[in-house]
Amino acid sequence: MNPASGYSRNTHQELTDLLDAVTEYAERRIRMLPPLDRPRTQEDLDAALGRTVTPGGIGGSEAMRVFVDELAPACLSTDHPRYLSFIPCAPSDAAVVFDLVVGASSIYAGSWLEGAGAVWAENQALRWIADLAGLPERAGGVFVPGGTVGNLSALVTARATARRQARAGVRPWRVAATAGAHSSVASAAEVMDAELVGVVGDADWRLSGPALRATLEAHGPETFFAVVATAGTTNFGIVDDLASVAQVCEEYGLWLHVDGAYGGAGLAAPSVRDRYAGVERCDSFIVDPHKWLFAPFDCCALLYRDPALARAAHTQRAGYLDVLTEAPEWNPTDYAVGLTRRARGLPFWFSLAVNGTDAYTAAVERTLEVARFAEAEVVRREHLELVRARDLSVIVFRRLGWGADDYHAWSDRLLDEQLGFVVPTAHDGETLARFAVVNPATTEDDIRAVLDTMS
Ligand SMILES: *Cc1c(COP(=O)(O)O)cnc(C)c1O
């Protein structure tokens, strides 16, 4: 930095050196087969690096060295083909490359006034998702950091709407969801001081209309402001019975939010599209392009059937914001919790524009094909047992004869040997193995290699 120049930027030579170092590294990382890498302890990093934030600065080449040699290898590569834990993130080349452009561009994407071009493009990407879900022309929303903020923002809108429409003296405070709903739904309820009421899943572990109706009747339907259905649970990839749930929501005049943070991407895949029947009747919907739609972190598409209801719930008002809030244009910030926002939908938009939506369909189908293979291999191998038939691209299975310690030791060994990152999950108190396949670079050979380590 060179404050003496009156403009706090680096000198010409410093900038050239920084650009060389950063672009060289970025290009190398983008082109390579990523290493899996491994975490290091706080003590280990402290000992190796000491203080990196100092009054005088350590300089560009040293800071880059610290990152390249020490910090980056202490971060797992979620785009490694054998990173099968949680929900991986495997962005397309176009999306990753364009993320660099977004970083270089200082775009404020909260308002149309400041970020019209970015907002326009983000809205086209949102429109593609709205069309996949069968939402009407007036549907719209915003890209938020993740499913957690997406679920919270949708539920805040649902409650504001329900309370405005409720009979005098009635202030609905409950939200209904199954046990399979993501932890962020419970977290949203906690933040909102709302009560989350669990609905018993059906024989196939899905949220369905009859069980929902029974729960609503048991607690009093007028005490609820929303129902959360999941289109692809995180642990098992289960898609709720959206049509029967939507039917009950319509009968009671209840807001239906569909959480497709992980599984919403399956809407692009004809082979599983019929599982989502009824999604077009939702009031709000989320999908995380950073999960199964090949965008970099952090990116969740939040859509509303009637965006005006979200605006009414979320628009922040202040004298210094009047020039924005009194304008008729689309201000993304009005549709969710949060004011300042990065144009985080742009890498996703760029990749959609570059590759075309057919490429997305093909890529999602490819991951489903590999998941289908994994399921068949589990069924075929005698010492393995499928826990539940697969809906999407998550497979949960047990290794017969193993206890919790065996799964954890196996998982640690895989990472130690840099063979894969596959952490166990749990269901009903039982430790189990789980694969989430969302990376089109994950092959049948990768699945076979990991399963071979379980014999
Ligand atoms: C991942 C996930 C979330 C939370 O999304 P974040 O982007 O991690 O905040 C919510 N719901 C479901 C179903 C998920 O899989």
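Whatever order the structure lists ligands and atoms in, that order sets their numbers, starting from 1.
- A salt bridge is absent between Glu444 and Arg448; no separation between the charged side-chain nitrogens and carboxylate oxygens falls under 4.0 Å.
- Nearest protein heavy-atom contact of atom 4 (C) of ligand 1 is His182 CE1, 3.3 Å.
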Check step by step if side-chain contact (heavy atoms from CB on, under 4.5 Å) holds for Trp205 and Asp391. CA-CA 11 Å; Trp205 308 6; Asp391 273 14; over 6 Å; no
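- Put simply, no part of Cys300 is less than 4.0 Å from ligand 1, judged by heavy atoms.
- Between Trp292 and Tyr262, the distance separating the two ring centers is shorter than 6.0 angstrom.
- Ligand-side atoms of ligand 1 in range of Ser184: 10 (C), range being under 4.0 angstrom from any heavy atom.
- If you look at Thr148 next to ligand 1, the close heavy atoms, those under 4.0 Å, come from the backbone and the side chain alike.
- Electrostatic pairing of Arg311 and Asp334 does not count as a salt bridge here, judged by no charged N lying under 4.0 Å from a carboxylate O.
- Proximity to Lys291 (heavy-atom distance under 4.0 Å) selects the following atoms of ligand 1: 1 (C), 2 (C), 3 (C), 4 (C), 5 (O), 14 (C), 15 (O).
- Listed for the Asp298 side chain is no donor-acceptor partner under 3.5 Å among the backbone atoms of Gly146.
- The distance between the ring centers of Phe67 and Tyr25 falls below 6.0 angstrom.
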Applying side-chain contact (heavy atoms from CB on, under 4.5 Å), run through Ile395 and Arg434 and close with a yes or a no. CA-CA 6 Å; Ile395 303 102; Arg434 172 180 172 280; over 6 Å; no
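- The protein non-hydrogen atom at the shortest distance from atom 11 (N) of ligand 1 is Asp259 OD2, 2.6 Å.
- Contact annotation: for Asp298 versus ligand 1, there are no heavy atoms closer than 4.0 Å.
- Less than 4.0 angstrom separates some heavy atom of Gly147 from each of these atoms of ligand 1: 4 (C), 5 (O), 6 (P), 7 (O), 9 (O).
- Salt-bridge formation is detected for the pair Asp452/Arg381: a Lys NZ or Arg NE/NH1/NH2 atom is positioned less than 4.0 Å from an Asp or Glu carboxylate oxygen.
- Interface atoms of ligand 1 facing His290, defined by a heavy-atom separation under 4.0 Å, are 7 (O).
- Residue contact check: Asp288 has heavy atoms under 4.0 Å from atoms 5 (O), 6 (P), 7 (O) of ligand 1.
- Per-residue contacts place Ala261 under 4.0 angstrom from the following atoms of ligand 1 (heavy atoms of the residue considered): 2 (C), 3 (C), 10 (C), 11 (N), 12 (C), 14 (C).
- In summary, the atoms of ligand 1 found under 4.0 Å from a heavy atom of Thr234, numbered by their order in the structure, are 12 (C), 13 (C), 14 (C), 15 (O).
- Residues His427 and Phe236 bring their aromatic ring centres within 6.0 Å.
- For ligand 1, the atoms closer than 4.0 angstrom to any heavy atom of Tyr262 are 15 (O).
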